Amino acid sequence: MNVFPREFPLQEKGGKLMIFRLIMVLWLVLFGVILAGKETQAAEPSPIPYSLNTIIELALERNPTITGAKASIEQSRGQQVTAGAYPNPSISGAAGRGSIRDPSTGVSITERTISVQQPLEWPAKREARQRAAEAGVAGASAGLEEAKLNLVAEVKVAFYQLLLAQRDVEVSAQNLAMVKEVLRTVTARVSAGEATKFDLMKANVEVQKATKEVARSQNAVLTARVALNTRTAGAVGSVFGIQGDFELRRQEINLESLTARALEDHPTVRRLSRLVDQADHAVTYEKEARMPNISVLGQYHREAGDESVTGGLSVPIPIWYRRQGEIQTALAGKHRLLADRERLQNELIQALTQHTQEVRTAKDQIDVFEQGLLKQAEETLRIAKFSFQQGAASLLEVLDAQRVYRQTLLEYAQTRTDLSIALARLERASGGTL
């Protein structure tokens, strides 16, 4: 009776110690899991920035437009195989029990007839069909080059637009930092009684506007990133970075040589030219098709009392209809393709002239920025900030200088973007590298 009161406190103490140890073990395990999660998160690699050439390679590999152009080549090659095939022969047969009835001789055999027919195609018609198929393959190959040319231009435009959006974020972030610095100065002056609360309100408004510009520029980056990712069919992912700079061309562009080369060797012009050749061969085919195909016939016949082997020809006679409709349709298709090629050449001349002028204008504007406008805006801001800190300039003056400086940087980046995009589009219009 006296033992239990002595042992019970010991058991209770041991149980509390065990619970305490269990809680400590759980905390250690939880702490280890948290540390492991942080280490795993830290070990995750940051997105690797893609260069322009890398993104172009991914786009040419993954974009469905290129896949479709390659499929068109395979389809044209299949049509070429079809055009080179020879007509298949046909064999027919019939058999049945037969006997001589009048006069009756008692002869009864299995009568049978076997016929073989081989169509012979008019050689000129076959040749026209084969040449039309060859022109189709050449046109599809030029179509693949055209698709690559257009896709590369689209990737470059999207890349430079994303690069501009990133520069906009950088400039907006710098502007926000400068405006916050002005706000701190104004706040200190208000506390010292050297400025009014109205100045503080204006500085706060500028900070809010700068914050809004940062958010706007960040949203523009997301939109531009999606546009570039779309060109690669999602190969770069939703979160990625880019590395590179805007393109700058100092050499003068020879518009006449570019135009002459484009009108002759542009992939789109070559594709339409091959389609014109294909349509021309189609016209020839329809004209030659007025000459009907001849079929050679051979027949073996065995009946009661008779056995024969015969041969012959089957020749359709084009008296009432001589493919006037097919010939007219083929000629109209050829004339339409000729008009499309002429329209394309005129559009290329217009595009080359326009983009060449855009390149020259952008280069002149860049020279204005680099030869003094950027330095002037930066120096104006520096003087305004220094004067404001010394009390010689008002808040409005320093804010105006800040706006001018930010706007100058953005206009400079926009001009460099315009030059890069104009060069990309000029490259597409010329049909290759400049």
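Residue numbers run from 1 in the order of the sequence given. What you see is a predicted model, and the numbers here were worked out from it, not measured in a lab.
- Of the possible polar contacts, none joining the N175 side chain to the V171 backbone as a donor-acceptor pair under 3.5 Å is found.
- Note that the CG atom of L381 and the CD atom of Q376 stand 13.5 Å from one another [nearest 0.5 Å].
- The 12-atom threshold is not exceeded at CD of Q328, counting heavy atoms of other residues, nucleotides or ligands nearer than 6.0 Å.
- In this structure, OG1 on T353 lies 5.0 Å from CG on L255, to the nearest 0.5 angstrom.
- Side-chain contact of E358 with Q354: a donor-acceptor pair under 3.5 Å is present, judged by distance alone.
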Q166 and I242: CA distance, side-chain angles, deciding distance, side-chain contact (heavy atoms from CB on, under 4.5 Å) verdict
CA-CA 10 Å; Q166 290 182 349; I242 60 173; 3.7 Å; yes
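- R261 has its side chain within reach of L258: a pair of non-hydrogen atoms, C-beta onward, lies under 4.5 Å apart.
- Within 6.0 Å of atom CD1 in I317, 12 or fewer heavy atoms from other residues, nucleotides or ligands are found, so the atom counts as exposed in its surroundings.
- Within the 4.5 Å cutoff, side-chain heavy atoms of I421 are placed close to those of Q161.
- Among pairs with a residue in residues 136-146, those fulfilling salt bridge (charged side-chain N to carboxylate O under 4.0 Å, His left out) read E145-R270, E146-R271, at least two apart in sequence or across chains.
- Side chains of Y405 and Q174: a donor-acceptor N/O pair is absent below 3.5 angstrom, by distance only.
- Residues N293 and L120 fail the side-chain proximity criterion, which asks for heavy atoms closer than 4.5 Å.
- We find the OG1-CG distance between T259 and L352 to be 4.5 Å, quoted to the nearest 0.5 Å.
- Counted within 6.0 Å of OH on Y86, heavy atoms from surrounding residues, nucleotides or ligands total 12 or fewer; the atom is thus considered open.
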Before giving the answer on side-chain contact (heavy atoms from CB on, under 4.5 Å), spell out for L419 and I366 the whole-Å C-alpha distance, their side-chain angles and the decisive distance to 0.1 Å.
CA-CA 9 Å; L419 175 60; I366 289 175; 3.5 Å; yes
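- With 3.5 Å as the limit, one finds no donor-acceptor pair spanning the side chains of N346 and Q350.
- Sorted by first then second residue, the salt bridge (charged side-chain N to carboxylate O under 4.0 Å, His left out) pairs that include residues 67-90, not counting sequence neighbours, are E74-R77.
- In summary, E181 and R184 do not engage in a salt bridge, as defined by a charged side-chain N under 4.0 Å from a carboxylate O.
- At least one donor-acceptor pair closer than 3.5 Å links the side chain of R290 to the backbone N or O of K287.
- Expressed to the nearest 0.5 Å, how far CD of E397 lies from OG of S387 amounts to 8.0 Å.
- Evaluation of the ring pair (Phe, Tyr, Trp, His ring centres under 6.0 Å) rule for F369 yields Y412 as partners, not counting sequence neighbours.
- When all heavy atoms of A83 and R129 are compared, the closest pair comes out as O-NH2, 3.1 Å.
- Rounded to the nearest 0.5 angstrom, T356 OG1 and L423 CG are separated by 9.5 Å.
- For the pair D245/R416, a side-chain contact is recorded, criterion being any heavy-atom separation below 4.5 Å from C-beta on.
- K202 has no carboxylate O lying under 4.0 Å from a charged side-chain N of E206, or vice versa, which leaves the two without a salt bridge.
- When atom types are taken as modelled, the side chain of S420 and the backbone of E247 share a donor-acceptor pair closer than 3.5 angstrom.
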Under 3.5 Å donor-acceptor pairs involving side-chain atoms of residues 50-57, not counting sequence neighbours:
| residue | atom | partner | partner atom | Å |
| --- | --- | --- | --- | --- |
| S51 | OG | T54 | N | 3.4 |
| S51 | OG | T54 | OG1 | 2.9 |

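- A heavy-atom distance below 4.5 Å is found between the side chains of Q407 and E411.
- Residue Q243 places its CD atom among more than 12 non-hydrogen atoms of other residues, nucleotides or ligands, all under 6.0 Å distant.
- With Y285 as the aromatic partner, R131 does not meet the cation-pi criteria of under 6.0 angstrom to the ring centre and within 45 degrees of the ring axis.
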Check the pair L263 / V269 against side-chain contact (heavy atoms from CB on, under 4.5 Å), numbers first and verdict last.
CA-CA 7 Å; L263 295 180; V269 174; 5.7 Å; no
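- Among residues two or more places apart in sequence or in another chain, the side chain to side chain donor-acceptor pair (under 3.5 Å) test is passed with R336 by none.
- When all heavy atoms are compared, the tightest approach of V155 to A59 is CG2-CB, 3.7 Å.
- A salt bridge (charged side-chain N to carboxylate O under 4.0 Å, His left out) check over residues 422-434, counting only residues at least two apart or in different chains, returns the pairs K156-E427.
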Is there a side-chain contact (heavy atoms from CB on, under 4.5 Å) between Q278 and L275 once you walk through the steps?
CA-CA 5 Å; Q278 187 178 20; L275 290 179; 3.5 Å; yes
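- Nearest heavy-atom pair across R62 and T232 is CB-O, 3.4 Å.
- Going from atom CZ of F246 over to atom CG of L163 covers 4.0 Å, rounded to the nearest 0.5 Å.
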For the pair E379 and R382, evaluate salt bridge (charged side-chain N to carboxylate O under 4.0 Å, His left out) and give the outcome as yes or no after the intermediate values.
CA-CA 5 Å; E379 183 66 15; R382 187 190 66 80; 2.5 Å; yes
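- Ionic pairing of R216 and E213 is present here: one or more N-O contacts between side-chain nitrogen and carboxylate oxygen are shorter than 4.0 angstrom.
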